[in-house]
Amino acid sequence: MSRKVVVTGLGIVSAIGLGLEQNIHALQNGHMGIAPIKYLQTRLRDQFVLGEVKYSNTELKSILGIAEDELVSRTSLLGILAVREATEMADLTVDELKTCALVSGTTVGGMDLTEQIADFGSEENLREILNLHPCGDSTEKVASYLGIEGFVTTYSTACSSAANAIMMGARLIKSGRADRVIAGGTDALACFTLNGFNSLMILDNEYCRPFDRSRAGLNLGEGAGFIVLETEDVAKPNKALAVLSGYANANDAHHQTASSPEGIGASLSMQKAMEVAGLKCADISYINAHGTGTPNNDSSEAKAICNLFGESNPPFSSTKAFTGHTLGACGGIEGVFSVMAIQNQELYAGLNFSEADEDSNIAPIVQYEKSEIKHVLSNSFGFGGNNSSLIFSKI
């Protein structure tokens, strides 16, 4: 369990860009990806803004060399793009990919595809379509496209799915069950998701404002984020970007969807992650907060940060004002952002913030800035109080 786990590859697709370069450029320049609905076929088109990936399924298939008539969910397409970029950055060979483990998180799975099909036709067609619907199909599609034949599994723990997938990847390496793991998450927008969150009354029809006193809800998004994890002795020279030094999951068992008002689960996950990393509060340079923009979530997370760090909390912000809330993919996307914060020694702005809550009285950073970054804490908190925290550290 003493094996050091390093990050050697990053792959991402989100509302602010296709690939790492476009995403970082948008973060550095404050370019938000949330916009009026263009691609999702929904009756709520004129009511909300979303963080859509700015490519149609036809265009994504063309980029990947997949035939137009092949049934592949958007969730799978986004995941394939991100994993391909991550493995190319890590310089993995065909033989190395073959023995890789793949752990992916998602909530939507193939729902974006199956809900578009009004007429299932024959029993044979119905069977084929239903095979594409489960969460695990997107993981299998990624594995098949990349030629991955090692351990493959899927996590679906709401919005902490990708973070838990990354945590699982670290544990596979630490326990000696794998030397190399591709981990993260992918989720596409679907009408079911939009309608579901609308029924919960936690969507904002304007741009979301994480941690702002006037916040009224979240903006849904889509995308994929994956990282390549390797043992230090297996990683190729000069490929290590950061160390995955800490990780933890805690459940506050408070409510089916709401976070506990006191931030109990969030406090526990952050504290345990720091214990795993052997770090103290003063060591954390930046927190990539879960920060969905809902009144409950942000209040709970802010209180958790205050509970743990006191008055000397580190700089923090939520990048969901750029990408939207990508649900099962957010831990992977924000894991990529966390590693790049270390690589580029930079902090990303909390967009649309103007005034702090009276009860927490803490504010995210509001402008992009350069800073010394040694340890980044990334939070992903899911429904049911499934709270996960990851810590990435400078090499």
Side-chain angles (χ1 to χ4, degrees), residues 1-10 86 89-90 101 103 105 155 160 162-185 225-236 238-250 266-290 304-305 308-309 313-316 319 330-348 371-381 387-395:
M1 297 295 285
S2 63
R3 305 171 99 196
K4 183 179 287 188
V5 180
V6 297
V7 180
T8 60
L10 305 171
M89 177 182 278
V103 187
Y155 268 75
S160 59
N164 284 333
I166 292 170
M167 195 181 316
M168 175 66 166
R171 286 172 169 161
L172 286 171
I173 290 174
K174 287 276 191 179
S175 64
R177 298 181 183 181
D179 292 328
R180 185 178 290 113
V181 182
I182 303 162
F226 285 85
I227 64 178
V228 177
L229 301 172
E230 301 184 73
T231 60
E232 193 174 31
D233 55 320
V234 166
K236 294 177 176 65
N238 303 316
K239 283 294 181 181
L241 304 168
V243 177
L244 178 55
S245 59
Y247 41 83
N249 174 272
S267 297
L268 284 172
S269 68
M270 289 189 284
Q271 184 176 13
K272 290 181 178 180
M274 285 192 288
E275 289 173 2
V276 170
L279 299 175
K280 297 175 292 187
C281 289
D283 297 320
I284 301 299
S285 310
Y286 169 56
I287 301 174
N288 186 303
H290 187 55
I305 292 171
L308 203 57
F309 293 92
N313 62 277
F316 73 96
T319 49
C330 70
I333 288 172
E334 291 158 24
V336 170
F337 292 161
S338 297
V339 174
M340 290 312 300
I342 294 170
Q343 278 287 293
N344 295 334
Q345 296 288 283
E346 59 191 5
L347 301 172
Y348 305 123
S371 183
E372 184 180 6
I373 308 292
K374 293 182 179 179
H375 306 281
V376 176
L377 174 64
S378 182
N379 288 331
S380 297
F381 303 146
N387 303 301
S388 296
S389 298
L390 305 173
I391 297 177
F392 298 92
S393 299
K394 187 176 180 181
I395 297 292

Report task. Show your working on side chain to side chain contact (heavy atoms under 4.5 Å, CB included) between Met89 and Val228 and close with a plain yes or no. Result -> CA-CA 9 Å; Met89 177 182 278; Val228 177; over 6 Å; no
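- Between Val6 and Leu241 there is no side-chain heavy-atom pair separated by less than 4.5 Å.
- Between Phe381 and His290, the angle of the ring planes lies from 30° to 60°, which puts this pair in the tilted group.
- Atoms OH and OG, on Tyr286 and Ser338 in that order, are 7.0 Å from each other to the nearest 0.5 Å.
- Taking a 6.0 Å sphere around CG of Asp233, one finds it holds more than 12 heavy atoms contributed by other residues, nucleotides or ligands.
- In this structure, Ala289 and Glu334 approach most closely via the heavy-atom pair O-OE1, 4.0 Å.
- The minimum heavy-atom distance between Gly331 and Ile166, with the atom names listed, is O-CD1, 3.9 Å.
- Counting heavy atoms from C-beta outward, Met274 and Ile284 have side chains that approach closer than 4.5 Å.
- By the 4.5 Å heavy-atom criterion applied to side chains, Tyr247 and Ile391 are not counted as neighbours.
- Considering all non-hydrogen atoms of both residues, Ala178 and Ala101 come closest at CB-CB, 4.5 Å.
- In this structure, Arg180 CZ and Ile173 CD1 are separated by 9.0 Å, a value rounded to the nearest 0.5 Å.
- Heavy atoms from other residues, nucleotides or ligands lying under 6.0 Å from NZ of Lys239 number more than 12.
- Looking only at distances, a side-chain donor or acceptor of Lys174 sits under 3.5 Å from a matching main-chain atom of Arg3.
- Taken to the nearest 0.5 Å, the OH atom of Tyr348 stands 9.0 Å off from the OG1 atom of Thr319.
- Closest heavy-atom contact between Gly105 and Ala165: N-CB, 4.0 Å.
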Requested in this report: Please test Leu229 against Val7 for side chain to side chain contact (heavy atoms under 4.5 Å, CB included), starting from the C-alpha separation and ending with a verdict.
Outcome: CA-CA 5 Å; Leu229 301 172; Val7 180; 3.8 Å; yes
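- Atom-to-atom distance recorded for Asp283:CG and Leu377:CG is 12.0 Å, nearest 0.5 angstrom.
- With rounding to the nearest 0.5 Å, the separation of CD1 in Ile287 from CG in Leu347 is 11.5 Å.
- Once rounded to the nearest 0.5 Å, the distance linking CZ of Phe316 with CD1 of Ile305 reads 5.0 Å.
- Side-chain atoms of Gln345 come within 3.5 Å of backbone atoms of Ile342 as a donor-acceptor pair (strictly under, hydrogens ignored).
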Requested in this report: Report the C-alpha distance between Val103 and Val181 in whole Å, list the side-chain angles of each, state the deciding distance to 0.1 Å, and finish with yes or no for side chain to side chain contact (heavy atoms under 4.5 Å, CB included).
Outcome: CA-CA 7 Å; Val103 187; Val181 182; 4.0 Å; yes
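- Taking a 6.0 Å sphere around NZ of Lys236, one finds it holds more than 12 heavy atoms contributed by other residues, nucleotides or ligands.
- When all heavy atoms are compared, the tightest approach of Ala273 to Ala248 is N-CB, 3.4 Å.
- Here the closest non-hydrogen pair linking Val336 and Phe226 is CG2-O, 3.8 Å.
- Under the 3.5 Å distance criterion, the side-chain polar atoms of Ser285 are matched with a main-chain donor or acceptor of His375.
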